[in-house]
Amino acid sequence: MTVPIVSGSASTQIASTREELAKLLDSARREGASVGFVPTMGALHEGHASLMRVARERVGGGPVVVSIFVNPLQFGAGEDLDRYPRTLEADLEVCEREGVDVVFAPSVDEVYPGGLPQVTVAPGELGDVLEGKTRPGHFGGVLTVVAKLFGLVEPDVAVFGQKDYQQLALIRRMSADLCLGVDVVGAPTQREPDGLALSSRNRYLSPEQREEATTLSRALHAAQRGAGHGVEAALNAARAELRRAKGVDVDYLVVTDPALGELPANPEPATEARILVAARVGTTRLIDNMSLTIGASR
């Protein structure tokens, strides 16, 4: 049964089953309205809210759908599936405030009836590097659930944050390679005033660790300033910042092309690139990235 949440002129409806979701979207589909979609695992913050606003801009008067589902398929052994924050009531308030039309909040059994799927989406070579190297199987789980959600919601536009840049690249590739017909939009990373990228996992940080975590964004900004002198100058500037932090254990720091491929050995001036970093602060693993323009000062 669908449950409306009404506040003034806003009305957010909740679906917990496939049938409820289809019923809520039926009239929009019959009328040819564009459907916007923001897949999330809940614990919503301003970063998620910004994705909802981008979706609204893209579809105008069409419905915006937000899914809230903690996907067990993308968590490996020893990861934080059990302690991942589940804050549905607060999440619904965020969706209502942002004018979301439909929240799809299914159970695990609803998404994976009969148990975890036998057929999954293979992410290819890009799924085995960076986050994929550290978290084997992670991106297969991400792509599989996103493909299932695309099939259920049938969106015209789906919005993902650039903070999870490798995830964004893989979902774009999946949509193109499998002809899913979904326009995958990357929205800018939202940050705290001190530069820390918004993440549901930031709540795990102690006050001291949170201060240390701002080193990641400072390192990336330093790389942007150094990038005019080349890739190594950008990396060295970032490394210098990271060395100043005592509680940051760096997993990787790399510069790639915008599609996460290798840059040429001697990139032309003003070559666009991406710098990505992953590190543990205490027991919390954080990622961040920014765009670079390589060699503009040469």
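For the pair Glu131 and Ala278, the tightest heavy-atom approach, listed with the atom from each and the gap, is OE2-CB, 3.6 Å. Shortest non-hydrogen contact noted between Ile171 and Val146 is CD1-CG2, 4.0 Å. Annotation for Leu81 and Phe75: closest pair N-CD2, 3.5 Å, computed over non-hydrogen atoms. The heavy-atom pair separating Ala147 from Val121 by the smallest distance is CB-CG2, 4.1 Å. Nearest heavy-atom pair, Ala105 versus Leu88, reported as atom, atom and distance to 0.1 Å: CB-CD1, 4.3 Å.
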side-chain contact (heavy atoms from CB on, under 4.5 Å) between Tyr252 and Val129: does it pass, once the steps are laid out? CA-CA 10 Å; Tyr252 60 76; Val129 299; over 6 Å; no
Worked verdict on Asp194 versus Thr214 for side chain to side chain donor-acceptor pair (under 3.5 Å): CA-CA 7 Å; Asp194 59 9; Thr214 61; 5.4 Å; no
Output, in order, the C-alpha distance, side-chain angles, deciding distance and verdict of side-chain contact (heavy atoms from CB on, under 4.5 Å) for Phe69 and Ser107. CA-CA 7 Å; Phe69 177 66; Ser107 67; over 6 Å; no
Let me check something: any side-chain donor-acceptor pairs from residues 39-49 under 3.5 Å, sequence neighbours excluded? List them with distances.
| from | atom 1 | to | atom 2 | distance (Å) |
| --- | --- | --- | --- | --- |
| Thr40 | OG1 | Gly42 | N | 3.1 |
| Thr40 | OG1 | Ser67 | O | 2.8 |
| His45 | ND1 | Gly47 | N | 3.0 |
| Glu46 | OE2 | Arg53 | NH2 | 2.2 |
| His48 | ND1 | His45 | N | 3.1 |

Pairs of donor and acceptor atoms involving the side chains of residues 238-250, under 3.5 Å and at least two apart or interchain, shall be tabulated with distances.
| from | atom 1 | to | atom 2 | distance (Å) |
| --- | --- | --- | --- | --- |
| Arg239 | NH1 | Asn236 | OD1 | 3.0 |
| Glu241 | OE2 | Arg244 | NH1 | 3.0 |

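The pair Asp128-Lys133 fails the salt-bridge criterion, with no side-chain N (NZ, NE, NH1 or NH2) lying under 4.0 Å from an Asp/Glu carboxylate O. A salt bridge is absent between Arg86 and Asp91: the closest approach of a Lys/Arg side-chain nitrogen to an acidic carboxylate oxygen does not fall below 4.0 angstrom. Ion pairing between Asp177 and Arg172 fails under the 4.0 Å rule for side-chain N and carboxylate O.
Summarising the local packing, CZ of Arg173 is surrounded by 12 or fewer heavy atoms from other residues, nucleotides or ligands at distances under 6.0 Å. Open room surrounds CZ on Arg58; 12 or fewer heavy atoms of other groups in view lie less than 6.0 Å from it.
Sorted by first and then second residue, the side-chain hydrogen bond (donor to acceptor under 3.5 Å, both in side chains) pairs involving residues 148-164 (not counting sequence neighbours) are Gln162-Arg274.
A cation-pi geometry, defined here as NZ or CZ lying under 6.0 Å from the six-membered ring centre and within 45° of its normal, holds between Arg83 and Tyr204.
Transitive grouping of hydrophobic side chains (ILVMFWY, heavy atoms separated by less than 4.5 Å) brings Val108 and Val111 into a common cluster.
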